[in-house]
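Here's the structure, in structure tokens; my notes come after.
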Amino acid sequence: MSSNRAPKSGFAAEAQRKINSKYSEELAQESLEWIKSVTAEPINTSGDTDNFFEVLKDGVILCKLANALQPGSIKKVNESKMAFKCMENISAFLECAKNFGVPTQETFQSVDLWERQNLNSVVICLQSLGRKASNFNKPSIGPKEADKNVRNFSDEQLRAGQNVISLQYGSNKGATQSGINFGNTRHM
């Protein structure tokens, strides 16, 4: 553990174990290989949690990734290993990820990476960003994103739809609930 906090115990430890169990080494490795191909940085692409954390924890590679996708996205990349400088790098990357179209629910908090609290959320964010990379003429990862399917109906078509009687509501064809009794009857 990189942080100098006491190890978690009880409920917090159980919650941490549950978060860690969702981490996928395959997706982490795919994310690192994608970063390596986009940035041309000589990084270790092993998906185990220790390597994933070591490669990304200072945020430098993440900033280089953002700048590789869109040059000039992050003006100053802090090479310093001081905690607040690393956190600045991670925050700058997260801001870029949102600007590139990664939904907020697919991003992570800086501490998820810096304090190694939730590396799975980091993988989710990188996978989401990787799906958007083709928008920047870069190789992408994961399934292709769906295109918008806009349908335009004329007023005449919309009015015709209002006259259809829907059978989806169902019909009971005159049936009633008379004669139904549940359980035992009362004997006097």
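For the salt bridge (charged side-chain N to carboxylate O under 4.0 Å, His left out) test, residues two or more places apart in sequence or in another chain that qualify with Glu106 are Arg131. Every residue two or more places apart in sequence or in another chain was checked for a ring-ring contact (aromatic ring centres under 6.0 Å, His included) with Phe108, and none qualifies. Looking at residues two or more places apart in sequence or on another chain, you find no salt bridge (charged side-chain N to carboxylate O under 4.0 Å, His left out) involving Glu25. The side chain to side chain donor-acceptor pair (under 3.5 Å) check on Asn118 picks up nothing, with sequence neighbours excluded. A search for ring-ring contact (aromatic ring centres under 6.0 Å, His included) contacts involving Phe52 returns Tyr23, not counting sequence neighbours.
At least one side-chain heavy atom of Leu62 sits under 4.5 Å from a side-chain heavy atom of Leu113. Using a 4.5 Å heavy-atom threshold, the side chains of Asn135 and Phe100 count as separate. Put simply, the side chain of Glu41 does not reach to within 4.5 Å of the side chain of Ile35, judged on heavy atoms. Two residues are said to be in side-chain contact when any heavy atoms from C-beta on lie closer than 4.5 Å; Met87 and Val111 meet this criterion. In this structure, the side chains of Arg116 and Thr49 come closer than 4.5 Å at one or more pairs of heavy atoms.
Panel note: side chain Asn67, backbone Ile74; a donor-acceptor pair is recorded below 3.5 Å. Between the Gln127 side chain and the Leu27 main chain, a donor and an acceptor come within less than 3.5 Å of each other.
Atoms CG and CD, from Asp48 and Glu54 in turn, are 10.0 Å apart once rounded to the nearest 0.5 Å. Annotation: the span from Gln109 atom CD to Ser121 atom OG amounts to 8.0 Å, rounded to 0.5 Å. One distance of note links NZ of Lys138 with CG of Leu129; it measures 12.5 Å at 0.5 Å rounding. Rounded to the nearest 0.5 Å, atoms CG (Leu56) and CG (Leu119) are 8.5 Å apart.
Residue-environment remark: CD (Gln105) exceeds the threshold of 12 foreign heavy atoms within 6.0 Å.
A donor-acceptor pair shorter than 3.5 Å cannot be found between the side chains of Ser80 and Asn78.
Considering every non-hydrogen atom in both Asn120 and Ser24, the closest pair reads OD1-N, 4.5 Å. The shortest non-hydrogen separation linking Pro103 to Lys132 is CD-CE, 4.5 Å.
Linking ILVMFWY residues whenever their side-chain heavy atoms come closer than 4.5 Å, directly or via other members, leaves Leu94 and Ile124 in distinct clusters.
Applying the ring-ring contact (aromatic ring centres under 6.0 Å, His included) definition to pairs two or more places apart or across chains, none involves residues 64-94.
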